[in-house]
Amino acid sequence: MAIAVRGLKKSFGRHEVLHGIDLQLAAGELLGLVGPNGAGKSTLLRCLIGLTAHSDGQLTVLGHDPASAALLIRRRCCYLPGETSVYQTMTGQQFLDFALGFYDRRQDALLAQLQQHFALPLRQRVRSYSAGMKQKLAILAALAPDVDLYLLDEPDRALDASMRFCLRDALLAMKRAGKTIVLSSHHLREVESLTDRLEFLVDGRIVPTAEFEAARAELRRRLRLRLRPGCQLPANLRVLAHDADGALVVEADGDPIACLLALPRDQILGAEFGAVRLEELYQLLLRADPPQRAAEVSP
Amino acid sequence: MIAGKTWREIRVMALVYLLILELLLVPVILLWPDFYVDLQRSSLFRNLPADWMRRIGEGWGDKNEDIAYLNWLSAHLFFKGVNLCGLAAAVLLGTALFAREREALTFEFLLARPVSRAHILWAKSWPTALCVTLPVFVANWSAIWWSARIDQPVPFWPLTLCSLHGALFVLCFLAFTTWVSVLSRVQAHVAFWVGGVTILNIGIYLVPRLRHGSVFRLSDYDSYAPLLLGNQGLVQMFDPIHHAGLSFYLVVGTALFFWLALRALRRLEL
């Protein structure tokens, strides 16, 4: 196992942030970690790399306990912090040389490929970079070392869609090369298309798969409709919310496509279904309090 | 890696610091002959209110000009060089060591490197320590050459001992600043606390009955003049049992503050 976490708890003073996380990750696996802000994703990653000491539970990363052997883990692990961490006074190249200088081996082919896609002006000072360029530089520094484990805290932050695809390709190449990756992100569909497994972290707890799937199934019954004014909804469509853009969020009683087809076509200005919006998923998962959620899924 | 980065960040400031020390030194030396003549005619310094001030004035007005010059030099070199510029450099460079990393959001990146926190502290501290102490030696040694311009001999070894004591005082302040820098999230807070402690100690030093409780008692005319005049040597500097051993206390203080900084850094959680 690359990562084995059992009953992991972390408190800051009286405030418990992680409430008994259980997680296992095999070598060569790519795990997606998704959850709302403040769910504890960054804290979990910091515990894994040994930047934060866990309060309780068992934690093994690459065969070592981060609390006592963080240095041994960090020699075989790369971590991309959640906040873009680049030295403003250096040039891009100086920062890369500095960051990569701590590791014996690097993935030169991947580095060259990413450099080409990102097209960063490496001779310029980092302070002149945009937020997206700084994030690209941080990604280069985190992915280029040739290590066994990569812990990436929202690497796609501040990246545009095309750059997110570049990142996805790079991560897939690393996965094929047998690297173990933990990826935290807010882009559910992109993470899902990339990872072997997805874990949902809500309020310091890993959401059980059954509950997560139930929430997704519920969301798949929802439609987002833009209708002409005065259009009457059939009885099998129940309005859940009015979006700020004027669209209606409705829940279908039965097959959503059949319900949609039952509407007069000239009344429909736009329709969206089947898409799982992360914020809606969060709302559903946060709807029940944690003990209740646990009771619902337990046999 | 980290040491090289630290050095690149502070080398210009170190050079500026050396230039300031040198600029403060040259007029002090070159104006001495005129000042000494004026001093012989005046009784102002012998009538100063505080005992320690009178001692300084009497030292400068000594009938033997060579001794008077060394007294003059010890007061100026170390008051300006160490207690003013040296401390300013130590605080300026020390505040940035860790608090600036936190402000710039690079601290997490740095701590996640595959090096120990002790290594990070060491790699950041030793270039900074060199940058604040080496100019003290260089500027003071240059006083030998400048003094020769006015036909005043300055002995090399006693001057080096004085420089060593001054460098240790600056180093102790750097260690203190480093500790506060590890504990603080903002550079301005470090400057506030270290500045506050410094001002408090200056205040204590100026009160006759309390001045022995001030850290500046470890770096004043009474500590440098005996060294520069050759009345104290290396053994006396580091022997707190049979002698004053002021340098010994500075070494202990430096070690203590760096140990506190390391302890705080190891315990630090993000």
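Every chain is numbered from 1, with letters handed out A, B, ... down the list of sequences.
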Less than 3.5 Å apart and able to act as donor and acceptor by atom type: which atom pairs between chain A and chain B qualify?
{"unit_1": "A:K10", "atom_1": "NZ", "unit_2": "B:E269", "atom_2": "OE1", "d": "2.6"}
{"unit_1": "A:R46", "atom_1": "NE", "unit_2": "B:E108", "atom_2": "OE2", "d": "2.7"}
{"unit_1": "A:R46", "atom_1": "NH2", "unit_2": "B:E108", "atom_2": "OE1", "d": "3.1"}
{"unit_1": "A:R46", "atom_1": "NH2", "unit_2": "B:E108", "atom_2": "OE2", "d": "3.3"}
{"unit_1": "A:T52", "atom_1": "OG1", "unit_2": "B:L270", "atom_2": "O", "d": "3.1"}
{"unit_1": "A:R74", "atom_1": "NE", "unit_2": "B:L111", "atom_2": "O", "d": "3.4"}
{"unit_1": "A:R74", "atom_1": "NE", "unit_2": "B:R113", "atom_2": "O", "d": "3.1"}
{"unit_1": "A:Y79", "atom_1": "OH", "unit_2": "B:E108", "atom_2": "OE2", "d": "2.4"}
{"unit_1": "A:S85", "atom_1": "OG", "unit_2": "B:L105", "atom_2": "O", "d": "2.6"}
{"unit_1": "A:Y87", "atom_1": "OH", "unit_2": "B:E101", "atom_2": "OE1", "d": "2.8"}
{"unit_1": "A:Y87", "atom_1": "OH", "unit_2": "B:E101", "atom_2": "OE2", "d": "3.3"}

At a heavy-atom separation under 4.5 Å, does A:V86 approach chain B through its side chain, its backbone, both, or neither?
->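 For A:V86, backbone heavy atoms alone lie under 4.5 Å from chain B.
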
With a 4.5 angstrom heavy-atom cut-off, which part of A:A142 approaches chain B: side chain, backbone, both or neither?
-> neither

Would you mind checking which part of B:I2 comes under 4.5 Å of any heavy atom in chain A, side chain (CB onward), backbone (N, CA, C, O), both or neither?
-> both

If you count heavy-atom pairs under 4.5 Å with chain B, which of A:I73, A:L51, A:I49, A:L71 comes out on top?
->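 The answer is A:L51.
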
Among A:P145, A:G82, A:A99, A:C77, single out the residue with the greatest number of heavy-atom pairs under 4.5 Å to chain B.
->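 The residue among A:P145, A:G82, A:A99, A:C77 with the greatest pair count is A:A99.
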
For B:F192, does the CZ atom sit with more than 12 other heavy atoms under 6.0 Å from it, leaving out its own atoms?
->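 Count not over threshold, so no.
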
Pairing residues for A:D160 by the side-chain contact (heavy atoms from CB on, under 4.5 Å) criterion, not counting sequence neighbours | A:S162, A:M163

To the nearest 0.5 Å, what is the distance between CZ (B:F109) and CZ (A:F98)?
-> 6.0 Å

